[in-house]
There are 2 protein chains.
Amino acid sequence: MALRHAVLAALLDGEYSGYQLAKAFDIGVANFWHALPQQLYAELAKLEKEGLVSGRQVVQETRPNKRLFRVTDAGRAELEAFAETAAKPSFIRDDLLVKVQVADRVGTASVIGQLEERASAAEAKIELLGALLRQLRGDVDEEEFLLRGARIGPYLTCLRGLAFEQEHLTWCLRIAGILRERQSNHAER
Amino acid sequence: MALRHAVLAALLDGEYSGYQLAKAFDIGVANFWHALPQQLYAELAKLEKEGLVSGRQVVQETRPNKRLFRVTDAGRAELEAFAETAAKPSFIRDDLLVKVQVADRVGTASVIGQLEERASAAEAKIELLGALLRQLRGDVDEEEFLLRGARIGPYLTCLRGLAFEQEHLTWCLRIAGILRERQSNHAER
DNA sequence: TATGACTAATCAGTTTGTTGAGTATGATGC
DNA sequence: GCATCATACTCAACAAACTGATTAGTCATA
């Protein structure tokens, strides 16, 4: 039961429809959780049935009607309880790492390509997160913002996401380089 | 269908029983995949039925009998095919990040504690991975090993795991510090 | 001599997550 | 004026992952 808490966390700062939430999940919240729109709609329905969020219908002229959700007091209490419970250990779970594990034996060339693709994706994400951080902190500098800013939670998780992507980028490029070099060494002999 | 490939990758360098595999998963392979023993037994059974691994019974006197598994040629081909397909994007999925997202609103004190616990766990993992890396490369230095070592796959994934844990450690301590400082600032007023 | 830890595995049940298709409407672009 | 995109959401089926219990013999230890 963790998607529910990610949804509650994402919904804490405002009212969103399922559709908007799906978008938002792709930017800010995606740093620590990932979900498809179908999951979000299902989760919102469950949360509403349990009274942890409440939805209201908004009739629109030029667009299909939508339902906006907000966290209820019960929802806030649920989040509170969740924050108190011990966190499970985290771990990476990544296809690409499985491939690197066997890359010196199997399909090296393709894995090098995938590492470089990943590196590009990481670069794009880094740009995006950088922009998001600048937007979140506004004019003040980071230290100032972190000490006195009103809502730093999202900023802190973005920092983690940024560090993760930077680390990932560095690693991908280094590993791709090593595998390349080994390939050409091998060819020489 | 990714656990199957993680299992094949873990089994590439030798023969293991389900039980041993469960242990091994907790050290080397845990850098990129995590699974409970039950899952591994189930996956091994499936892989055997599909002919991707083959098991042989080993009768033991003082211990319960066990079945040792090795990757077949078909299994190697399956891994090969997997390495060729495009990798899915990876993402962090972490309870603790959800909590940090709301930490400035809800249950701050408890979250600080959890961040510090995580930091300790990361430190322990860093030690463990450091030892594992030294063991894998033997006497030669890293650069030499990466260029000319026979089997560098596991080393490369451990490097990723190590970097991840170090990053995580740094972040946890920094965030715990920030949240603490904000708490005491708040108390002053 | 009971107690718990280690080896070795299996079973049942539930929750999560993924895949893929489908509905409906207005806006935008060529 | 036709195709495609964006908004907004739903349904069904399936695959993967997690929870928790259970069996059963050996070994060390208190």
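Quick caveat, the model's predicted, so the values are computed rather than measured. Order of the sequence lines sets the chain letters (A, B, ...), proteins ahead of strands, with each chain counted from 1.
Across the protein-nucleic acid pair, Tyr19(A) atom OH and dT23(C) atom C1' stand 14 Å apart, rounded to whole Å. As rounded to whole Å, 15 Å separates atom P of dT7(D) from atom OH of Tyr16(A). The CG atom of Leu21(B) sits 13 Å away from the P atom of dA8(C) (whole-angstrom rounding). Put simply, CD on Glu48(A) is 11 Å from P on dC9(D), counting in whole angstrom units. Rounded to whole Å, atom C1' of dA8(C) lies 13 Å from atom CG of Leu40(B). The CZ-P distance, from Phe69(B) to dA8(C), rounds to 13 Å in whole Å. Separating the CG atom of Leu68(B) from the C1' atom of dA9(C) is a distance of 14 Å, rounded to the nearest angstrom. Residue Leu44(A) contributes atom CG, which lies 14 Å from atom P of dA8(D) at whole-angstrom precision.
At the phosphate of dT7(C), neither OP1 nor OP2 sits under 4.0 Å from any side-chain N or O atom of Ser17(B). When the side-chain nitrogen and oxygen atoms of Lys23(A) are compared with OP1 and OP2 of dT7(D), one or more of them lie within a distance under 4.0 Å.
Look at Asp13(B) and Arg105(A) and you find a salt bridge, because one of the NZ, NE, NH1 or NH2 atoms lies within 4.0 Å of a carboxylate O, short of that distance. For Arg174(B) and Glu142(A), the salt-bridge test passes: some basic side-chain N is under 4.0 Å from an acidic carboxylate O.
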List every contact pair, protein side and nucleotides 17-20 of chain D side both N or O, where the distance is under 3.5 Å.
from, atom 1, to, atom 2, distance (Å)
dC18(D), OP2, Gln39(B), OE1, 3.1
dG20(D), N7, Gln38(B), NE2, 3.2
dG20(D), O6, Gln38(B), NE2, 2.7

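With hydrogens and angles left out, the side-chain atoms of Ser110(A) and Gln114(A) include a donor and acceptor closer than 3.5 Å.
Taking the ring centre of Phe91(A) as origin, the terminal cationic atom of Arg160(B) falls outside the region bounded by 6.0 Å and 45° from the ring axis.
Both Thr62(A) and Gln60(B) lie close to DNA chain C; mapped to their nearest nucleotides by heavy-atom distance, the more 5′-ward contact belongs to Gln60(B).
The cluster map of Ile, Leu, Val, Met, Phe, Trp and Tyr, joined by side-chain heavy atoms under 4.5 Å apart, puts Phe164(B) and Leu156(A) in different clusters.
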For this session: Before giving the answer on side-chain contact (heavy atoms from CB on, under 4.5 Å), spell out for Cys172(B) and Glu116(B) the whole-Å C-alpha distance, their side-chain angles and the decisive distance to 0.1 Å.
Result: CA-CA 7 Å; Cys172(B) 284; Glu116(B) 284 165 350; over 6 Å; no
For this session: For salt bridge (charged side-chain N to carboxylate O under 4.0 Å, His left out), just list the numbers for Glu80(B) and Arg76(B), CA-CA rounded to whole Å, side-chain angles, deciding distance to a tenth of an Å, and then say yes or no.
Result: CA-CA 6 Å; Glu80(B) 185 92 41; Arg76(B) 214 161 302 241; over 6 Å; no
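Of the candidate nucleotides dA27(C), dA8(C), dC9(D), dA27(C) has the atom lying nearest to any side-chain atom of Arg63(A). When each of dC9(D), dC27(D), dA8(C) is scored by its nearest atom to the side-chain atoms of Tyr41(A), the top-ranked nucleotide is dC9(D). Ranking dA8(C), dA8(D), dT26(D) by closeness to the Pro64(B) side chain, first place goes to dA8(C).
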